[in-house]
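Reading through the structure tokens given below for one structure.
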Amino acid sequence: MRLKTALFSALLSTLLLQLLPPALMQSVHESSCADLLFSKIYDAHLSMIPPPKVNGTFNVTFDMAIAQLLELDELKQTVSMLTWRRMSWYDTRLSWRGRVFDGNLSFNSISSIKIPNSQIWKPDLVVYNDVRKTELDWSLYYASIQSDGLVRLNTPQLMKLSCPINVQLFPYDKQVCRMKIGSWTMDGFELNLLNASTHADLSSMAEDNEFCLVKAPLERHLIKYACCAAPYPDITYSILL
């Protein structure tokens, strides 16, 4: 009886697949291939161990878009805003271009896959002057992985920055709030932080009735402290309101 039921289910599944439109058939096939590919390249340890260095260094490229100003609090000396963090790096352990699995299995026809970012290693970049009490749950968002191992992770982030604010000249005052970003645990010998552009992306920013965000240029710093031989890179945005 169980054998008949299994055979019937298999035949029904085959029939349903044959009845699907060609475009949907292709989508189902690509999804199955992507799942199989990830099962071949995935290792649970990859979420805990940084990728191998290439030419003695490991580069992480950072970019940010500011979507909306939410609040400027003179009493607490803070500014709140909604941003998009964009990070990219290479993890050669996740590449499949030119690789053969199980002797003859190749996935060269697949250019990219998307997986939950909780299953891969991520750089521990933080905003040093962010005074929020809770962090956004990043596990809800997917990372895009290219066939050569390029990983892209774009996530929204609600920030509350400590910022010296003086509105005595309102509405003609100018405020400059700085946002410093760097690794929490890794020095410049372990993680080389690079900027993708010279300023924050303001192209999709919502208008504010009180303040105008004029520009947000950035500077990349490489700081050496008395305690350590290694330099510590950071990216600092200067947000002019």
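- If you take OG on Ser144 and CG on Leu153, they are separated by 10.0 Å, rounding to the nearest 0.5 Å.
- The line from CH2 of Trp84 to CG of Asp201 is 12.0 Å long, rounded to the nearest 0.5 Å.
- With values rounded to the nearest 0.5 angstrom, Ile181 atom CD1 is found 12.0 Å from His221 atom NE2.
- Closest approach of Met159 and Thr83 over heavy atoms only: CE-OG1, 3.5 Å.
- The backbone N or O of Ala143 sits nowhere less than 3.5 Å from a side-chain atom of Asn117 that would complete a donor-acceptor pair.
- The shortest non-hydrogen separation linking Lys76 to Asp73 is N-OD1, 2.9 Å.
- Enclosure of atom CZ in Arg86 by more than 12 non-hydrogen atoms of other residues, nucleotides or ligands within 6.0 angstrom is indicated.
- Distance NZ/Lys114 to OG/Ser112: 5.0 Å, rounded to 0.5 Å.
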Table please: side-chain donor-acceptor pairs of residues 87-96 below 3.5 Å, with sequence neighbours left out.
residue, atom, partner, partner atom, Å
Asp91, OD1, Arg93, N, 3.2
Asp91, OD1, Arg93, NE, 2.9
Asp91, OD2, Arg93, NH2, 2.9
Arg93, NH1, Ile49, O, 3.1
Arg93, NH2, Ile49, O, 3.0
Ser95, OG, Thr92, O, 2.8
Trp96, NE1, Phe107, O, 3.3
Trp96, NE1, Ile110, O, 2.9

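- Between Trp184 and Tyr128, the ring planes lie tilted relative to each other; the angle falls in the 30° to 60° range.
- Put simply, the side chain of Arg132 gets close to the backbone of Leu158: a donor and an acceptor are under 3.5 Å apart.
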Check: residues 189-197 side-chain donor-acceptor pairs under 3.5 Å, at least two apart:
residue, atom, partner, partner atom, Å
Glu190, OE1, Asp187, N, 3.0
Asn192, OD1, Arg220, NH2, 2.7
Asn192, ND2, Asn59, OD1, 2.9
Asn195, ND2, Ser197, O, 2.9
Ser197, OG, Asp63, OD1, 3.2
Ser197, OG, His199, O, 2.8

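- The distance from the CG atom of Asn166 to the CD atom of Glu74 is 6.5 Å, given to the nearest 0.5 Å.
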